[in-house]
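Here the structure is laid out as structure tokens; the discussion comes afterwards.
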Amino acid sequence: MQVLQNAPLAPLTTLRLGGPARRLVTATTDEEVVAAVREADAAGEPLLVLGGGSNLVIGDAGFDGTVLRIATRGFALDGTRLELAAGEVWADAVARTVEEGLAGIEFLAGIPGSAGATPVQNVGAYGQEVAETVTEVVAYDRRAGETVTLANAECDFSYRHSRFKADPHRYVVLRVRFALEDAAGQSSPVKYAEVARTLGVEAGERVDLATAADTVLKLRAGKGMVLDPEDHDTWSAGSFFTNPVLTAEQYAAFAARLDGLTAPAFPAPEGCTKTSAAWLIDKAGFTKGYGTGPATLSTKHTLALTNRGSATTEDLLALAREVRDGVRAAFGVELVNEPVMVGVAL
């Protein structure tokens, strides 16, 4: 277990933003993770758990406490059952399941970050989310002081949300277990219209598994959503805002302000309607590449806020507030940030 004082955090995030940690602990086993958490809790020390750093916005002042970087490794496959250590690189794990001919997470190819973060955010893309395949999450329960195993139903998964996100200071994910599918080299049924269109198939059809993953990688790369150190469009936290889910009343008010425009609309649970944050941002006047400072919208995708190389966290937040407020003024819809804020707020 490595311990560093006054350690830079920006290089550990995909945004390359944020001040230092007073103390940075890197743990490579589950036992080290639990020991570090217990030590911080016993000392009353503020604790920030860090995985791949792809979904974090850290303030310029840094973190005045212990940052626990989970660097555990473990990829165990038993038939169609998969167990990943929390520190496993998610994109690499997805690639391995595709190589093994197993479907279930192939449309999540190329997403940056660690495996342990996926159930927290209920990571999803292109019509697939981890809630569909996660069977159990093994986590350290800081309140109970013990390691627990939570079944899928206990995780309270919903759109980009979970029990872990709802109570962020209680659980530290150690391992995630999945039930995948052997579909004879075929993918899960294609759900997302853009993917179906690109593949030239109808929604609900299956395609070659490797082709499905490769198609998603190319779509993501075209939007600057696959990490590339040389491409500042990828110096982001991915989608900065979640797609708004509107009640029937909210959607009616929104529709009344469209002034002839046709907004994307998708059925959501409990009679709600989900619309597109990217569409709202674009139609409110914030087009690709918007901004003249060191933080701008991606030139490839309006939903990504990017560090052009010299930005501060405050530069990024100023842009985020401008976009959020502009969308609210234009459409009466409140955008909500997807990344976790550390020491800052919109």
Side-chain angles (χ1 to χ4, degrees), residues 13-15 49-57 70 72 75 82-98 102-139 150 152 154-168 171-181 187-188 191-192 194-195 212-213 216-217 219-221 223-227 234 236-243 245 268 274 276-278 301 303-304 336-341:
T13 73
T14 53
L15 272 166
V49 177
L50 178 68
S54 62
N55 200 46
L56 281 180
V57 179
I70 298 182
T72 54
F75 179 104
L82 172 66
E83 179 179 281
L84 297 177
E88 275 290 321
V89 177
W90 176 253
D92 293 348
V94 173
R96 287 185 65 179
T97 65
V98 172
L102 297 176
I105 55 176
E106 68 276 14
F107 294 110
L108 306 180
I111 293 178
S114 63
T118 60
V120 177
Q121 191 75 5
N122 186 15
V123 164
Y126 297 109
Q128 199 170 66
E129 58 186 20
V130 295
E132 298 165 8
T133 48
V134 167
T135 58
E136 293 178 329
V137 176
V138 180
L150 301 174
N152 181 292
E154 298 175 284
C155 295
D156 296 337
F157 289 126
S158 60
Y159 174 63
R160 300 297 175 271
H161 201 69
S162 70
R163 177 177 187 166
F164 312 105
K165 189 174 181 180
D167 197 354
Y171 298 100
V172 177
V173 175
L174 301 174
R175 299 192 165 263
V176 189
R177 295 172 180 150
F178 301 83
L180 303 179
E181 179 189 8
S187 71
S188 305
K191 297 179 182 177
Y192 202 75
E194 183 182 15
V195 176
V216 165
L217 283 171
L219 287 172
R220 290 186 64 84
K223 298 173 183 177
M225 296 293 189
V226 176
L227 292 179
T234 74
S236 76
S239 299
F240 196 88
F241 297 104
T242 58
N243 290 323
V245 177
K274 181 167 69 174
S276 165
H301 200 289
L303 204 46
V336 177
N337 55 282
E338 185 168 330
V340 175
M341 301 286 175

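Quick caveat: nothing in here was measured; it's all calculated off a predicted structure.
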- Query: Between Thr72 and Ala85, what is the shortest heavy-atom contact and its length?
  - Reply: OG1-CB, 3.8 Å
- Keeping the roles fixed (side chain from Arg220, backbone from Leu108), state whether a donor-acceptor pair exists under 3.5 Å. no
- Which residues satisfy the side-chain hydrogen bond (donor to acceptor under 3.5 Å, both in side chains) test with Glu83, sequence neighbours excluded? Arg175, Arg177
- Task: Taking side-chain hydrogen bond (donor to acceptor under 3.5 Å, both in side chains) as the test, write out the residues that go with Asp156, two or more places apart.
- Result: none
- Item | Sidechain-backbone polar pair: Ser162 side chain, Val120 backbone, donor-acceptor under 3.5 Å | yes
- Item | Main-chain N/O of Leu303 paired with Ser239 side-chain donor or acceptor, under 3.5 Å | no
- Note on the structure: Smallest heavy-atom separation, Ala125 atom then Ile111 atom, equals CB-CD1, 4.1 Å
- Look at the side chain of Asn122 and the backbone N and O of Ser158, then say whether any donor-acceptor pair between them is shorter than 3.5 Å. yes
- Task: Calculate, to the nearest 0.5 Å, the distance between atoms CD and CZ belonging to Glu338 and Arg160 respectively.
- Result: 6.0 Å
- Message: Holding to side-chain hydrogen bond (donor to acceptor under 3.5 Å, both in side chains), I want the full list of residues that pass it with Lys165, two or more places apart in sequence or in another chain.
- Response: Gln121
- Query: With a 4.5 Å heavy-atom cut-off, do Thr135 and Asn152 have their side chains touching?
  - Reply: no
- Task: Show your working on side-chain contact (heavy atoms from CB on, under 4.5 Å) between Trp90 and Val130 and close with a plain yes or no.
- Result: CA-CA 11 Å; Trp90 176 253; Val130 295; 4.0 Å; yes
- Grab the two heavy atoms, one from Gly113 and one from Ser54, that are nearest each other, plus how far apart they are. CA-OG, 3.4 Å
- Who pairs with Ser114 by side chain to side chain contact (heavy atoms under 4.5 Å, CB included), at least two apart in sequence or on another chain? Ala117
- Query: Is it the case that Arg96 places NZ or CZ above or below the six-membered ring of Phe75, under 6.0 angstrom from the centre and within 45 degrees of the axis?
  - Reply: yes
- Query: side chain to side chain contact (heavy atoms under 4.5 Å, CB included) with Leu180: which residues, sequence neighbours excluded?
  - Reply: Leu82, Thr97, Leu102, Ile105, Thr133, Phe178
- Item | Heavy-atom check, side chain of Pro119 versus side chain of Arg163, under 4.5 Å | no
- Message: Determine whether a donor-acceptor pair (N or O, by modelled atom type, separation under 3.5 Å) exists between the side chain of Ser236 and the backbone of Gly238.
- Response: yes
- Task: Please examine the side chains of Tyr171 and Val137, heavy atoms only from C-beta on, and report whether any two atoms are closer than 4.5 Å.
- Result: no
- Message: Under 6.0 Å between ring centres: does that hold for Tyr192 and Tyr126?
- Response: yes
- Query: Is it true that the NZ or CZ of Lys274 lies under 6.0 Å from the centre of Tyr159's six-membered ring and within 45 degrees of the ring axis?
  - Reply: yes
- How close do Ala166 and His161 get, heavy atom to heavy atom, and via which atoms? CB-NE2, 3.6 Å
- Message: Going by salt bridge (Lys or Arg N to Asp or Glu O under 4.0 Å), name the pairs with one or both residues in residues 102-124, residues two or more places apart or in two chains.
- Response: none
- Message: Can you tell me how far apart CG (Leu174) and CD1 (Ile70) are? Round to the nearest 0.5 Å.
- Response: 7.0 Å
- Shortest non-hydrogen pair, Leu56 vs Leu15, comes out as O-CD1, 3.7 Å
- Query: Looking at CD of Glu181 and CD of Glu132, how far apart are the two atoms once the value is rounded to the nearest 0.5 Å?
  - Reply: 11.5 Å
- Residues Ala277 and Thr242: closest non-hydrogen pair is CB-O, 3.5 Å
- Message: Using side-chain heavy atoms (C-beta onward) and a distance below 4.5 Å, is Pro339 in contact with Phe240?
- Response: yes
